[in-house]
Amino acid sequence: MICLGIEGTAHSIGVGIIRDMGGKCEVISNVIKIYHPEKGGIHPREAANHHANHIADLIRESVEKAQIDFTNIDLISFSNGPGLGPCLRTAATAARALSLSLKKPIMGVNHCVAHLEIGRGTLRDCMDPVLLYTSGANTQVIAFAEGRYRVFGETLDIGIGNCLDKFGRSVGLEFPSGPKIEKLASLGKEYFELPYSIKGMDIAFSGLLTAAENFYSNGEKLEDICYSIQETTFAALTEVTERAIAHTEKDEVLLGGGVAANKRLRDMVQTMAKERGASFFVPSKDLCIDNGAMIAWLGVLMYNSGIRMKVENSFIDQRFRTDMVDVSWRD
Ligand code: ATP
Ligand code: FE2
């Protein structure tokens, strides 16, 4: 089975094509266009216009790169939440149009669950992981328990990526600031104490963000502040992930989301996993960030488990929670 997936929950619009290899996923193309706001944060309407301008070309490009014909596609999948309303509607509209014109079934899928399933689908031996999902808007620790993907811990305010980007904006770094903060942090030497807030398995970043901004206003070196932000936030993320592993008694850790590109975060989580005797997995960067291939793969899993969706019922849900999904494709 070949599936084309469309991802458009936030600032990127992506189209991926995958082939089902009997339970494992072969990515045959995965193309993306990222909206960069001229200044400030994401404006949902502008991001949606950006997606609408690029989606037709991306669909064509994905089919060309996959070296297939439109008639080879068996299923159209799209992310139906959570995310920004105008962006979700744009991706859904493209998916519906494609489904109707190709006369192929449609499947709306949960974006967060897709981040986890692409790890299981593409990485050998990744079977039942605890996912640390760290992106711009989302920060969650997710694992399978009793028929659902449960959120064991999550941010109580902003996502870790947003925290990094907001700090970057307030000190004049370009968006997205995560990669720039990583570079600066590698030059940092002095550690500043920042608020470390964990409640059970939940986590909060806004107090730390304000404190870091204050260090900057007081003239401290940017490299040292970036270093302190990374050490503090990543230690907290690693701690909640470790708690979730202990609680669920699982022995695999998977990273996902754009912040998983960060070497320091990977190292910390990997060290923790090693110390607990757990396996550590991280997909290639193009499958960590928001991408169409992961949406296509989850569409296939759902379709193969017997789930069907009609175009007229292919709604979006901005607040579609991870644990609302009935995971019928796993035992
Ligand atoms: P979602 O809609 O799932 O919240 P997103 O739209 O934020 O995702 P992603 O591509 O998953 O998109 O993640 C983008 C985030 O990743 C940005 O906040 C960016 O600063 C951060 N990021 C990217 N590379 C790095 C890095 N090397 N270190 C830290 N953060 C990074
Ligand atoms: Fe995401």
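Note that ligands are numbered from 1 as they come in the structure, with each ligand's atoms numbered from 1 the same way. Along the sequence shown, residues are numbered consecutively beginning with 1.
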**Q** To 10 degrees, how wide is the angle NE2 (His115) to the Fe ion (ligand 2) to NE2 (His111)?
**A**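 The NE2/NE2 angle about the Fe ion (ligand 2) sits at 90°.
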**Q** If you define the side chain from C-beta out and look only at heavy atoms, does anything of Val31 sit under 4.5 Å from Lys65?
**A**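 A side-chain contact exists here, since the closest heavy-atom pair is under 4.5 Å.
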**Q** Would you say that more than 12 heavy atoms from the other residues, nucleotides or ligands in this model lie under 6.0 Å from the CZ of Arg319, or not?
**A**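 Open: at most 12 neighbouring heavy atoms sit under 6.0 Å from CZ of Arg319.
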**Q** Given Thr134, Asp290, Thr139, Asn262, which one has a non-hydrogen atom that is nearest to atom 6 (O) of ligand 1?
**A**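 Ranked by closest heavy atom to atom 6 (O) of ligand 1, first place is Asp290.
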**Q** Is the distance between the ring centroids of Tyr35 and His11 less than 6.0 Å?
**A**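 Between His11 and Tyr35, which both carry aromatic rings, the centre distance is not below 6.0 Å.
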**Q** Tell me whether Ile289 is reachable from Leu287 by hopping between hydrophobic residues (I, L, V, M, F, W, Y) whose side-chain heavy atoms are closer than 4.5 Å.
**A**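 Per the 4.5 Å side-chain linkage, Leu287 and Ile289 are not co-clustered.
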**Q** Mark yes or no: Arg169 above the aromatic ring of Phe175, with NZ or CZ under 6.0 Å from the six-membered ring centre and no more than 45 degrees from the axis.
**A**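 Cation-pi check for Arg169 and Phe175: fails.
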**Q** For ligand 1, which atoms, with element, lie under 4.0 Å from some heavy atom of Asp165?
**A**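 The list of qualifying atoms is 17 (C), 18 (O), 19 (C), 20 (O).
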**Q** A side-chain contact here means heavy atoms from C-beta on lying under 4.5 Å apart; do Glu223 and Tyr227 qualify?
**A**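 Side chain of Glu223 against side chain of Tyr227, heavy atoms only: no contact under 4.5 Å found.
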**Q** Same cluster or not: Ile198 versus Phe152, using hydrophobic residues (I, L, V, M, F, W, Y) connected whenever any side-chain heavy atoms lie under 4.5 Å apart?
**A**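 No.
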**Q** May I ask you to identify, for His111, whether its side chain, its backbone, both or neither come under 4.0 Å of ligand 1 on a heavy-atom basis?
**A**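 Looking at His111 and ligand 1, just side chain atoms fall under 4.0 Å.
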**Q** Return a yes/no value for Gly178: is any of its N or O atoms, backbone included, closer than 3.5 angstrom to an N or O of ligand 1?
**A**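 So ligand 1 has an N or O lying under 3.5 Å from an N or O of Gly178.
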**Q** If the cut-off is 4.0 Å to any non-hydrogen atom of Tyr133, which atoms of ligand 1 fall inside it?
**A**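 That gives atoms 1 (P), 3 (O) of ligand 1.
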**Q** Heavy-atom contact check, 4.0 Å cutoff: does Pro179 meet ligand 1?
**A**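 A heavy atom of Pro179 does come that close to ligand 1.
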**Q** What protein heavy atom sits nearest atom 10 (O) of ligand 1, and how far off is it?
**A**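 For atom 10 (O) of ligand 1, the nearest protein heavy atom comes out as Ile289 CB, 3.5 Å.
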**Q** Going by the atom numbers of ligand 1, which of them fall below 4.0 Å from some non-hydrogen atom of Ala10?
**A**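 Those atoms are 2 (O), 6 (O).
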**Q** For Thr9, counting its heavy atoms only, list the atoms of ligand 1 lying under 4.0 Å from any of them.
**A**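 This gives 2 (O) as the contact atoms.
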**Q** Hey, which atoms in ligand 1 end up nearer than 4.0 Å to a heavy atom of Glu182?
**A**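 Matching atoms, with element in brackets: 26 (C), 27 (N), 28 (N).
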**Q** What residue and atom, counting heavy atoms only, is the protein's closest point to atom 1 (P) of ligand 1, and at what distance?
**A**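 That would be Ser135 OG, 3.2 Å.
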**Q** Are Glu213 and Ser170 close enough that a side-chain donor and a side-chain acceptor fall under 3.5 Å?
**A**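 Their side chains do contain a donor-acceptor pair, which is all the 3.5 Å distance test asks for.
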**Q** Is any N, O or S atom of Tyr133 under 2.8 Å away from the Fe ion (ligand 2)?
**A**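 Here the distance criterion (N, O or S atom, under 2.8 Å) is met by Tyr133, so yes.
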**Q** Is it the case that ligand 1 has an N or O less than 3.5 angstrom from some N or O of Pro176?
**A**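 Between Pro176 and ligand 1, no N or O pair is found under 3.5 Å apart.
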**Q** Provide, to 0.1 Å, the distance between atom 13 (O) of ligand 1 and the closest protein heavy atom, together with that atom's residue and name.
**A**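 Scanning the protein heavy atoms, the shortest distance from atom 13 (O) of ligand 1 goes to Gly258 CA, 3.3 Å.
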**Q** Does either side chain, that of Asn110 or that of Asn80, offer a donor lying less than 3.5 Å from an acceptor on the other one?
**A**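 Per modelled atom types, Asn110 and Asn80 side chains form no pair under 3.5 Å.
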**Q** Hey, are Thr322 and Tyr133 close enough side-chain-wise for a donor-acceptor pair under 3.5 Å?
**A**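 Note: Tyr133 and Thr322 side chains miss the donor-acceptor criterion.
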**Q** What atoms in ligand 1 come closer than 4.0 Å to a heavy atom of Leu164?
**A**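 In order of number, 29 (C), 30 (N).
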**Q** Give the name of the N/O/S atom in Asp290 that lies closest to the Fe ion (ligand 2).
**A**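 Of all N, O or S atoms belonging to Asp290, OD1 is the one nearest the Fe ion (ligand 2).
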**Q** What residue and atom, counting heavy atoms only, is the protein's closest point to atom 21 (C) of ligand 1, and at what distance?
**A**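 Nearest protein contact, heavy atoms only, for atom 21 (C) of ligand 1 is Val259 CG2, 3.8 Å.
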**Q** According to the interplanar angle, ranging from 0 to 90°, do the rings of His54 and His50 count as parallel (below 30°), tilted (30 to 60°) or perpendicular (above 60°)?
**A**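 Ring orientation, 0 to 90° scale: tilted.
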**Q** With salt bridge (charged side-chain N to carboxylate O under 4.0 Å, His left out) as the test, would you mind laying out the steps for Asp128 and Lys250 before giving the verdict?
**A** CA-CA 7 Å; Asp128 185 22; Lys250 297 197 191 282; 2.9 Å; yes
**Q** If you count the atoms of ligand 1 from 1 in the order shown, which ones are under 4.0 Å from a heavy atom of Gly161?
**A**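 Counting atoms of ligand 1 from 1, those under 4.0 Å from Gly161 are 18 (O).
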**Q** Need the ligand 1 atom indices (1-based, order shown) with element for anything under 4.0 Å from a heavy-atom of Ala137.
**A**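 In order of numbering, the contacting atoms are 4 (O), 7 (O).
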**Q** Once you measure the plane-to-plane angle for Phe144 and Tyr149, does it fall in the parallel (<30°), tilted (30-60°) or perpendicular (>60°) bin?
**A**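 Ring orientation of Phe144 relative to Tyr149: perpendicular.
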**Q** Nearest protein heavy-atom contact for atom 7 (O) of ligand 1: which residue, which atom, what distance?
**A**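 For atom 7 (O) of ligand 1, the nearest protein heavy atom is Gly136 N, 2.7 Å.
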